[in-house]
Structure formats: structure tokens, C-alpha cells
Amino acid sequence: MKIGNNADINAYTKVGSTAPGAAEGGAAKAGKAGAAQADTASKVELSSTASSLISGVGSDDGSFDAEKVARIAAAIEKGEFKINAEAIADKLIANASEMLGRTQQSH
């Protein structure tokens, strides 16, 4: 099976073309028809959790330290940033243990 330059099949030209009189595939026509129907009947409702995430309510818990981020960025730029693999491994294990504890409690 050859995948490559086949002049007869060019999905981008057929579907992505917006020139007047351009050939449109059946999928493009169906997509336009579906979009017209969806505009009149679509309704989206967000949960309270999603709404609070979007609005940012409660997200400022002080855990973001802009100065620390600037120090780390400067150390990376200078090539002086050292990675502590042991600390990363310890935190990964702690997070995995916490997630496993949550999973076992919910069953």
C-alpha cells in the first residue's frame, strides 16, 4: 500500500477548499447541513465545578510563587539548574500512593 502523492485523492483540497464552485465531498456537505441544524437546537450547560474553574474562583490559594518561577527560569537560561531526581521520584511515589488510596477507598 502506497501512501503519498496521489493526485486523485487530496482531502485537503476537497474538504478545505472555500473557493466558489470548488468540488465538495459528501462529508463537507453533511458537515454544513449538520452545523445549520445544530445552531438552532444547541444548548450547553456547565456544572458548578466547571464554572468555578473558568471564572477562577478559589484558584488563588497562594501556591503560585512568581519569584520562584523567575529564579528557576533564570537558572535554566544560565545552564545552572540542577534536577534532583531523588526528590522527583519521592514525590511521584507519594502521589501514586495517594491516588491508589483514593481509588481503594471509593470501591
Side-chain angles (χ1 to χ4, degrees):
M1 176 177 188
K2 181 178 177 184
I3 299 174
N5 298 328
N6 188 342
D8 296 334
I9 301 174
N10 188 340
Y12 179 76
T13 303
K14 290 182 181 178
V15 175
S17 178
T18 57
E24 290 185 32
K29 289 179 184 176
K32 288 180 182 178
Q37 291 174 354
D39 289 341
T40 60
S42 296
K43 182 178 179 183
V44 176
E45 293 184 29
L46 299 177
S47 68
S48 60
T49 304
S51 297
S52 66
L53 287 172
I54 291 171
S55 67
V57 174
S59 64
D60 189 15
D61 61 358
S63 63
F64 179 77
D65 186 352
E67 290 178 15
K68 184 175 182 179
V69 171
R71 286 193 311 268
I72 292 171
I76 291 171
E77 286 178 10
K78 294 177 187 175
E80 299 171 350
F81 185 73
K82 303 286 188 241
I83 296 174
N84 185 346
E86 187 175 327
I88 293 171
D90 289 344
K91 290 189 180 188
L92 284 171
I93 292 169
N95 287 341
S97 296
E98 181 182 341
M99 292 301 291
L100 286 172
R102 287 182 189 169
T103 303
Q104 291 173 354
Q105 291 173 0
S106 65
H107 289 290

Asker: Tell me, please, which residues at least two apart from I93 pass side chain to side chain contact (heavy atoms under 4.5 Å, CB included).
Answerer: S97

Asker: Look at the side-chain heavy atoms of Ile, Leu, Val, Met, Phe, Trp and Tyr, link any pair under 4.5 Å apart, and say whether F81 and V69 land in one connected group.
Answerer: no

Asker: Is there a chain of hydrophobic side chains (I, L, V, M, F, W, Y, each step under 4.5 Å between heavy atoms) that links F64 to I72?
Answerer: no

Asker: Tell me which pairs pass salt bridge (Lys or Arg N to Asp or Glu O under 4.0 Å) where either residue lies in residues 68-88, with sequence neighbours left out.
Answerer: none

Asker: Could you tell me whether I76 atom CD1 has more than 12 heavy atoms of other residues or ligands within 6.0 Å of it?
Answerer: yes

Asker: Among pairs that include at least one residue of residues 90-100, which meet salt bridge (Lys or Arg N to Asp or Glu O under 4.0 Å), considering only residues two or more places apart or in two chains?
Answerer: E98-R102

